[in-house]
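Single-structure report; data block below.
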Amino acid sequence: MAPNAPSPMDIENMNDAAIEQVRQQVSDIIDPRYDTKWNMLRWLQSNDFNIPKTVHLLKKHLKWRKDRKLDEPESQSLLQFSDARRKHAPVDIIGPQRKEGGDRLVVVDRAGRIDVAGLMKAVQPTEYLHEMFRTFEEIQRRLMKMEAETGVQCFMHYIFDLEGLHFDPTLLGVVNGPFRVSWQLVGQHYREFIDKFIVINSPSYINVLWSALSSFIPEQSKQRIVFAGSSWKEELLEIVDQDCLPERYGGNIPDNDCLKIVEPIPKSTYWKLPVHYPSMEQLHKVSVSASKHRMLVYKVDKPDIELLMYSHNENDITITLYYSKEKETSENDLELAVAPIPKCGLPAMDLFDYNCEFPGYYYVKLANEASWLLPSTYRMIVIEKETGKELEPINLNEKWIKKGQKAKKK
């Protein structure tokens with residue numbers, strides 16, 4: 001240790017002081033069940049111990065947790081379910097391995113076995129993402145339990161198995177679309193979970209996939225990715241204990257005891273428009289020029305109005321929700337209600353629900369950030385859940401909006 005370097009005890013004291021500063025500044029919104037030393041430390045670590053930045057981003061996350069009731073029992077969570085993703089793209093949490101300096105939770109994702117093309121035809125964008133959030137909520141609960149038992153920060157080893165992956169024309173689109181978007185959003189909300197992300201059974205074209213992804217991965221995260229070679233079992237056993245691995249990976253746990261079966265998705269489960277959804281023709285079409293954005297404005301007259309936002313997009317677009325008490329408010333003065341959500345194009349119509357806690361004006365910002373040249377079309381209609389009636393944007397007559405068809409009277 002250098003003469004002027006802080007001792008481990010000094011570092012611990014500095015960490016504790018920073019944690020206490022953050023805790024005080026988020027005390028009005030944090031749920032006691034989430035308020036642990038290690039959760040605070042993760043957010044500080046991911047922001048290089050920049051306290052103002054940590055507080056700013058953590059408050060956004062805590063509001064999201066509150067809106068979705070993520071600190072309530074899992075049965076009360078408002079995250080959407082995706083049976084298709086749960087049954088046909090499972091992620092298996094194997095369990096903890098004891099390590100000096102902190103336990104590691106072993107997780108296995110057999111992504112190579114997933115019927116990718118079928119999955120994209122069977123899921124809605126939001127439910128696909130929410131099912132991934134559900135997985136990481138369970139991982140977080142396990143890590144918090146381990147930390148309460150050991151008194152040290154714990155992480156996970158994420159084994160990403162690509163055995164069975166076949167290259168087809170849709171693969172790059174999925175990697176650059178739903179896969180990238182979902183992992184980016186997971187990274188926003190679940191900080192400093194991964195110790196090692198271990199890729200095994202890589203196909204010969206892994207460099208093509210890596211080129212599509214690497215520009216979106218922070219440098220700090222790249223250092224945690226391990227591409228195991230042909231002797232991947234030996235490399236895996238250098239990282240993970242044999243008692244914490246399924247037999248197929250060189251471990252002692254019978255596969256049937258810890259790994260779910262990954263099956264192709266039957267065509268009968270492909271997404272179909274539910275009878276209670278609006279038709280695609282009823283959705284208003286919003287044209288967004290390349291590198292530009294549009295803003296839809298909705299007036300809500302009463303508190304606690306739940307809105308159902310039905311939408312469809314064929315190209316990437318980013319959606320953000322803002323709030324203001326007043327109608328004439330500049331974008332810089334709007335209050336952020338939902339942080340930006342990148343949405344990639346999928347065949348299914350999407351459903352996003354939002355509870356308007358206060359009366360006032362809600363601004364839906366649609367940004368075509370991914371395109372430098374081509375415009376994007378976003379289809380959308382907002383329904384009040386209680387009445388079943390459409391809530392029209394007050395600027396529906398803008399020339400860049402093509403009104404949808406009126407619902408036929410039954």
Side-chain angles (χ1 to χ4, degrees), residues 26 29-46 54 57-96 102-111 114 119 123-150 153-160 178-179 181-195 197 221 258-260 338-339 341-342 350-355:
V26 299
I29 191 172
I30 193 168
D31 188 287
R33 289 164 287 193
Y34 185 81
D35 186 3
T36 73
K37 171 182 178 177
W38 310 113
N39 283 341
M40 298 296 104
L41 184 59
R42 285 190 181 92
W43 283 89
L44 281 160
Q45 290 168 335
S46 67
T54 299
L57 294 175
L58 179 54
K59 279 190 171 183
K60 288 184 180 180
H61 172 72
L62 294 173
K63 183 182 184 306
W64 176 74
R65 297 190 69 80
K66 182 180 178 181
D67 290 344
R68 291 288 159 187
K69 296 187 177 181
L70 298 186
D71 293 307
E72 303 296 333
E74 187 182 7
S75 60
Q76 298 179 31
S77 164
L78 297 182
L79 292 175
Q80 296 180 26
F81 284 96
S82 172
D83 285 338
R85 197 184 195 291
R86 182 172 292 192
K87 292 177 182 178
H88 301 283
V91 174
D92 298 297
I93 302 174
I94 308 302
D103 289 2
R104 299 295 183 266
L105 185 67
V106 180
V107 178
V108 174
D109 183 345
R110 287 176 293 158
I114 297 172
L119 184 63
V123 297
Q124 294 174 284
T126 297
E127 69 173 17
Y128 174 89
L129 178 61
H130 280 198
E131 194 62 50
M132 196 164 182
F133 287 155
R134 283 185 177 275
T135 298
F136 272 78
E137 281 294 308
E138 178 59 28
I139 289 170
Q140 179 169 268
R141 284 190 285 271
R142 301 277 191 104
L143 290 176
M144 288 171 64
K145 184 175 184 292
M146 291 157 57
E147 288 162 346
E149 293 170 349
T150 63
Q153 186 176 5
C154 298
F155 303 86
M156 71 170 167
H157 290 321
Y158 198 96
I159 301 170
F160 195 64
F179 182 85
V181 167
S182 59
W183 274 99
Q184 279 183 325
L185 290 171
V186 162
Q188 284 181 19
H189 291 292
Y190 302 95
R191 305 294 183 97
E192 298 297 317
F193 273 30
I194 296 176
D195 182 11
F197 188 98
S221 298
C258 60
L259 297 177
K260 302 180 188 72
V338 175
I341 302 173
D350 198 22
L351 170 60
F352 179 79
D353 58 301
Y354 182 78
N355 183 65

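All values derive from a computational prediction rather than experimental measurement.
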Are any side-chain N or O atoms of Asp35 and backbone N or O atoms of Ile30, one a donor and one an acceptor, separated by less than 3.5 Å? no
Could you report the tightest heavy-atom contact between Pro73 and Arg33, atom names first, then the distance? CD-NH1, 4.4 Å
For Ala84 versus Val123, what's the shortest heavy-atom pair and its separation? CB-CG1, 3.8 Å
Find out whether Leu185 and Pro342 are in side-chain contact, i.e. whether some heavy atom of one side chain is under 4.5 Å from a heavy atom of the other. yes
Quick one: do Lys69 and Asp31 make a salt bridge, cutoff under 4.0 Å? no
Carboxylate-amine/guanidinium proximity below 4.0 Å for Arg104 and Asp195: yes
Pair Val107, His157 - check side-chain contact (heavy atoms from CB on, under 4.5 Å), show working. CA-CA 6 Å; Val107 178; His157 290 321; over 6 Å; no
Are Ile159 and Asp109 packed together at the side-chain level, in the sense that at least one heavy-atom pair is separated by less than 4.5 angstrom? no
Is there a side-chain contact between Lys63 and Ile29, using heavy atoms and a 4.5 Å cut-off? yes
Side chain to side chain, Trp64 and His189, heavy atoms closer than 4.5 Å: yes
How many angstroms lie between atom CG of Leu78 and atom CG of Asp353, to the nearest 0.5 angstrom? 7.0 Å
Side chains of Ile139 and Leu105: closer than 4.5 Å at any heavy-atom pair? yes
Restricting to salt bridge (Lys or Arg N to Asp or Glu O under 4.0 Å), what partner residues turn up for Asp83, sequence neighbours left out? none
Hey, could you give me the CZ/CD distance between Phe155 and Glu192, rounded to the nearest 0.5 Å? 6.5 Å
Write down the atom of Leu119, the atom of Ala89, and the distance for their closest heavy-atom approach. CD2-CB, 4.1 Å
cation_pi(Arg68, Phe352) dist<6.0 Å, angle<=45: yes
Within a strict 4.5 Å, meaning less than it, do heavy atoms of the Arg42 and Phe193 side chains meet? yes
Mind checking what makes ring-ring contact (aromatic ring centres under 6.0 Å, His included) contact with Trp43, not counting sequence neighbours? His61
With a 4.5 Å heavy-atom cut-off, do Val106 and Met156 have their side chains touching? no
Apply side-chain contact (heavy atoms from CB on, under 4.5 Å) to the pair Val108 and Phe160, showing each step before the final yes or no. CA-CA 6 Å; Val108 174; Phe160 195 64; over 6 Å; no
CD1 (Ile94) and SG (Cys258) are apart, to the nearest 0.5 Å, by 4.0 Å
Asp92 (side chain) donor-acceptor with Leu259 (main chain) under 3.5 angstrom: no
In terms of side-chain geometry, is the basic nitrogen of Glu147 or Lys37 positioned less than 4.0 Å from the acidic oxygen of its partner? no
Aromatic ring centroids of Trp183 and Phe197 under 6.0 Å? yes
Establish, from distance only, whether the side-chain atoms of Gln45 and Gln153 form a donor-acceptor pair under 3.5 Å. yes
State the OG-NZ distance between Ser82 and Lys87, to the nearest 0.5 angstrom. 10.0 Å
side-chain hydrogen bond (donor to acceptor under 3.5 Å, both in side chains) contacts touching residues 129-141 (sequence neighbours left out): Arg65-Glu137, Arg86-Glu131, Glu137-Tyr190, Glu138-Arg141, Glu138-Arg142
Measure the acute angle between the ring planes of Tyr158 and Phe136, then classify it against the limits of 30° and 60° as parallel, tilted or perpendicular. parallel
Can Asp67 and Asn355 be said to form a side-chain contact (heavy atoms from CB on, under 4.5 Å), step by step? CA-CA 8 Å; Asp67 290 344; Asn355 183 65; over 6 Å; no
I need the Gln80 CD to Leu351 CG distance, nearest 0.5 Å. 5.5 Å
When you compare the side chain of Leu62 with that of Tyr34, does any pair of heavy atoms fall below 4.5 Å? yes
Between Asp103 and Thr150, do the side chains contain an N or O donor and an N or O acceptor separated by less than 3.5 Å? no
May I have the step-by-step check of side-chain contact (heavy atoms from CB on, under 4.5 Å) for Cys154 and Trp38, ending in yes or no? CA-CA 8 Å; Cys154 298; Trp38 310 113; over 6 Å; no
